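If you're wondering where the values come from, they're calculated on a predicted model, not measured in any experiment. Numbers here are sequence positions counted from 1.
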Amino acid sequence: MTDSPCLHLDALYRYPVKGLSPEAMTHASLTAGDYFPGDRLFAVENGPSGFDPEAPVHQPKIKFLMLMRDEALAQLDTHYDPQDGTLTIRQGGTVAIRGDLARPEGRAAIEAFLTEYIPGSLRGPAKVLTAPAGYRFTDSPRGFVSLLNLASVAALEDLTGAAVDPLRFRANLHVSGLAPWAELDLVDRTITTTGGVRLHIHKRTQRCAATNVDPATGQRDLAIPRTLAQHLGHTDCGVYAEVLAGGVLTTGETLTLT
């Protein structure tokens with residue numbers, strides 16, 4: 001690898017509701033020190049979590065509905081409209097429920113649907129939580145922007161002997177141009193764009209059992225963390241980065257590693 005390799009930004013994704021489906025983006029406007037736009041704005045509490053929106057503290061994902069334990073969520077196709085605050089959930093291609101997450105009755109409709117959909121997963125009432133300003137329901141306390149190296153995913157296919165959908169990893173940026181697993185050695189380095197965006201890589205992403213779930217079928221069909229541990233001695237794939245300088249990211253553009 002050269003001192004300043006050029007990467008290709010293949011895809012951008014946001015996950016408005018923790019544990020629910022991704023939304024592809026053609027561009028994303030980042031702000032220094034802020035989270036990825038539109039990402040992890042909501043979570044569904046699985047019984048009382050102790051989360052206080054007036055004094056938000058990072059909570060472990062086990063307190064919310066999530067793919068690691070609730071793989072049936074992957075069978076739902078969801079879309080959040082930030083213009084009117086509406087979350088639409090489709091099941092089998094048909095709209096199952098639609099609710100305005102800014103209104104109590106809208107949240108109640110979503111909660112009732114999920115309660116009926118996965119009753120065996122609930123430890124208490126399902127409750128839609130909204131992230132207050134300056135907070136997001138990310139897995140990592142400093143999980144501002146997540147980046148996935150597509151070459152590492154291809155290498156995982158060789159290790160598992162099966163196709164591996166990059167969406168299993170629920171990352172914001174999908175990039176190519178790195179060698180497999182090279183992203184793991186980029187901690188403390190910076191990615192820049194011609195538009196002025198600067199992303200500082202600050203930690204590896206440790207993978208959990210959520211990656212075992214096929215995002216298209218909802219089936220728990222692979223053992224990603226175990227495969228990583230057996231072959232590489234760790235369960236890391238991808239990295240987290242912080243936004244040092246804002247600007248617009250656009251799919252297809254070139255990124256420079258400095």
Task: Residues which pass side-chain hydrogen bond (donor to acceptor under 3.5 Å, both in side chains) with D52, listed by chain and number, not counting sequence neighbours - done: none
Task: Residue list, side-chain hydrogen bond (donor to acceptor under 3.5 Å, both in side chains) with T250, at least two apart or on another chain - done: none
Do the side chain of [X] and the main chain of [Y] share a donor and acceptor less than 3.5 angstrom apart?
| X | Y | value |
| --- | --- | --- |
| R168 | N212 | yes |
| H231 | L156 | no |
| R170 | S146 | no |
| E183 | G238 | yes |
| N46 | R123 | yes |
| E23 | P16 | no |
| D10 | S176 | yes |

TODO: For H234, look at atom NE2 and say whether over 12 heavy atoms of other residues, nucleotides or ligands are found less than 6.0 Å away.
DONE: yes
Which pairs would a plain distance check flag for residues 113-120, meaning a side-chain donor or acceptor within less than 3.5 Å of a matching protein atom at least two apart in sequence or in another chain?
from : atom 1 : to   : atom 2 : distance (Å)
T115 : OG1    : E111 : O      : 2.8
Y117 : OH     : A72  : O      : 2.6

Roughly how far, to the nearest 0.5 Å, is [atom2] of [Y] from [atom1] of [X]?
| X | Y | atom1 | atom2 | result |
| --- | --- | --- | --- | --- |
| L255 | L147 | CG | CG | 8.0 Å |
| L73 | S121 | CG | OG | 7.5 Å |
| L199 | L257 | CG | CG | 11.0 Å |
| D39 | F144 | CG | CZ | 12.0 Å |
| N149 | L7 | CG | CG | 8.5 Å |
| L67 | L20 | CG | CG | 8.0 Å |

Non-neighbouring partners of [X] that pass salt bridge (charged side-chain N to carboxylate O under 4.0 Å, His left out), sequence neighbours left out:
| X | answer |
| --- | --- |
| E45 | none |
| D70 | none |
| K61 | D139 |
| E54 | none |

Over all heavy atoms of both residues, which pair between [X] and [Y] is shortest? Give the atoms and the distance, please.
| X | Y | value |
| --- | --- | --- |
| A209 | M68 | CB-CG, 3.7 Å |
| S152 | C237 | CB-SG, 4.2 Å |
| V153 | V164 | CG1-O, 3.4 Å |
| A28 | F36 | CB-CZ, 3.8 Å |
| A245 | G196 | CB-O, 3.5 Å |
| T190 | H200 | OG1-ND1, 3.5 Å |

Task: Residues that A109 engages under side chain to side chain contact (heavy atoms under 4.5 Å, CB included), provided they are two or more places apart - done: I97
Contact list for [range], test salt bridge (Lys or Arg N to Asp or Glu O under 4.0 Å), sequence neighbours left out:
| range | value |
| --- | --- |
| residues 71-83 | E71-R220 |
| residues 199-212 | D185-R204, R204-D236 |
| residues 240-258 | R142-E242 |

Hydrophobic cluster membership, with links at side-chain heavy-atom distances under 4.5 Å among I/L/V/M/F/W/Y: are [X] and [Y] in one?
| X | Y | answer |
| --- | --- | --- |
| M66 | L129 | no |
| M25 | V197 | yes |
| L178 | L9 | yes |
| L101 | L76 | yes |
| L244 | I201 | no |

Open item on the list: Side chains of T78 and S21 only: does a donor on one sit below 3.5 Å from an acceptor on the other?
Closed with: yes
- [ ] Please check if any side-chain donor atom of R98 sits under 3.5 Å from a side-chain acceptor atom of T88, or the reverse.
- [x]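 Yes - a donor-acceptor pair under 3.5 Å links their side chains.
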Side chains of [X] and [Y]: does their closest heavy-atom pair fall under 4.5 Å?
| X | Y | answer |
| --- | --- | --- |
| R198 | I191 | no |
| T130 | P53 | no |
| L186 | V239 | no |
| I62 | R69 | yes |

TODO: Could you tell me which residues satisfy ring pair (Phe, Tyr, Trp, His ring centres under 6.0 Å) with F137, sequence neighbours excluded, listed by chain and number?
DONE: F51, F64, Y135
Open item on the list: Using the rule side chain to side chain contact (heavy atoms under 4.5 Å, CB included), only one of N172, T26, T251 pairs with L12; which is it?
Closed with: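 Among N172, T26, T251, the one that satisfies the side chain to side chain contact (heavy atoms under 4.5 Å, CB included) with L12 is T251.
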Open item on the list: Can you classify the ring geometry of H174 versus Y13 as parallel (below 30°), tilted (30 to 60°) or perpendicular (above 60°)?
Closed with: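 Judged by the thresholds at 30° and 60°, the geometry between H174 and Y13 is tilted.
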